[in-house]
Amino acid sequence: MIDKHSRKISYLRISVTDMCNLRCVYCMPPGGTELSRKEEILSFEEILKIIKHGVSLGINKIRITGGEPLVRKGITSLVRHITGIKGIDDIAMTTNGVFLKEFATELKSSGLSRLNISLDTMREDRFHDITRGGKIQEVFEGVEEVLKAGFKRTKMNAVVMRGTNDDEIQDFVRYILERDIELRFIELMASGWKNMADEERFMPTSEIMEKVKEVGDLVPVKQRVGGGPATIYRIKGGLGSIGFISAVSKAFCSTCNRLRLTSDGRLRSCLLSGGEVDVKDILRSSDLNEKELAEALTEAFIKVTTMKPTVHSGKNNAVMNQIGG
Ligand code: SAM
Ligand code: SF4
């Protein structure tokens, strides 16, 4: 699938649930969000059907996200099934890390290629505040379990918020100097939930970078083709690397190769703007035979691909736990 701006679409991000065990301040309101009814959430069988169809159209890379993917029952079995699909070269997962101590080994043996762990602070009390109740020790133990299980190219995502955790940028850098982890500093985006990510807390990559440079000189790392939206550096002598994702100050839309599938079955062209097609409706429509179903799914993928904006407006606020960040 090539979109109208010559971007080759090969990556599908799948939100497997809108539920989460945490309530991060920039992502969810304190009482959580109204959740989809169980029957509205795509079954594993439906997700696998959509992936297989995507593969026939050029998808070769999958990311599982949410909500929190590890709260979805049977998630490792979904991973195992996706790994078994011919044509999928890479399957990664984004998680808040709380359940990794329990799941890391099983995820590895299920064939998961890589993990992104979200962690915005190194401090116990702050983690409790940012996530509204989380226990940081569980994430640290999860990270060590991931490294022990033999995962490579593990990423740690930290959303930087002025006045909340910007004084920890250097602590993060020091943490990965001794660990084979790619730390990625992410700019705060406006959230679909009002006042959760206010403008005063936004900090641009340029400013984050200045703070990182106080720990050591940044040496650029040559990136793989299609290696993702971050620009990557190393600090001499350090084991890990550091990436910067400037989704707000410098949109990376020109190299965007992804579509998104929401937990309730909408195929979307972009996190922030563009359009979507309800593929759950297509899958559940009883009057389509197999050939008609395949044609309708192809049409949906092509339609969503053509809906991809040249550059996102940045104005729409993403409802992260539903679309999948
Ligand atoms: N629960 C999992 C997690 O936290 O990793 C997966 C879903 S979460 C929505 C995916 C990513 O979106 C996380 O790294 C989170 O920090 C990021 N995210 C959520 N809201 C955000 C916002 N307003 N600005 C920037 N990143 C955000
Ligand atoms: Fe949950 Fe991830 Fe959103 Fe935090 S960022 S509330 S962990 S979905």
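If you read the sequence from its start, that first residue is 1, and numbering goes on from there. Computed over heavy atoms, backbone and side chain alike; hydrogens, waters and symmetry mates excluded. Bear in mind the structure is a predicted one, so any value in this text is a computation, not a measurement. In listed order, ligands and their atoms are each counted from 1.
Listed by first and then second residue, the side-chain hydrogen bond (donor to acceptor under 3.5 Å, both in side chains) pairs involving residues 97-107 are T76-E106, K101-E141 (not counting sequence neighbours).
Side-chain contact check for N157 versus I245: every heavy-atom pair is 4.5 Å or farther apart. Here the side chains of V143 and Y175 are in contact, with some heavy-atom distance below 4.5 Å. Counting only heavy atoms from C-beta outward, the side chains of I169 and V215 never approach each other to under 4.5 Å.
Residue N96 approaches ligand 1 through these ligand atoms, each under 4.0 Å from one of its heavy atoms: 2 (C), 3 (C), 4 (O), 5 (O). Ligand-side atoms of ligand 1 in range of V159: 16 (O), 25 (C), 26 (N), range being under 4.0 angstrom from any heavy atom.
The shortest N or O to N or O distance between T65 and ligand 1 is not under 3.5 Å. For ligand 1, one of its N or O atoms has an N or O atom of M189 under 3.5 Å away. Among the atoms of D120, none of the N or O lies under 3.5 angstrom from an N or O of ligand 1. At a 3.5 angstrom cut-off on N or O pairs, E187 does not count as close to ligand 1. Checked by distance only, ligand 1 and T95 come closer than 3.5 Å through their nitrogen or oxygen atoms.
Judged purely by distance below 3.5 Å, without hydrogens or angles, the side chains of T262 and R268 never pair a donor atom with an acceptor atom. Side chains of E68 and T95: a donor-acceptor N/O pair is present below 3.5 angstrom, by distance only.
Metal site remark for atom 3 (Fe) of ligand 2: C24 contributes no N, O or S atom at a distance under 2.8 Å.
Qualifying side-chain contact (heavy atoms from CB on, under 4.5 Å) partners for E40, counting only residues two or more places apart in sequence or in other chains: S36, R37, K280.
One option in G66, G67, C20, A158 has a heavy atom closer to atom 1 (N) of ligand 1 than any other, and that option is G67.
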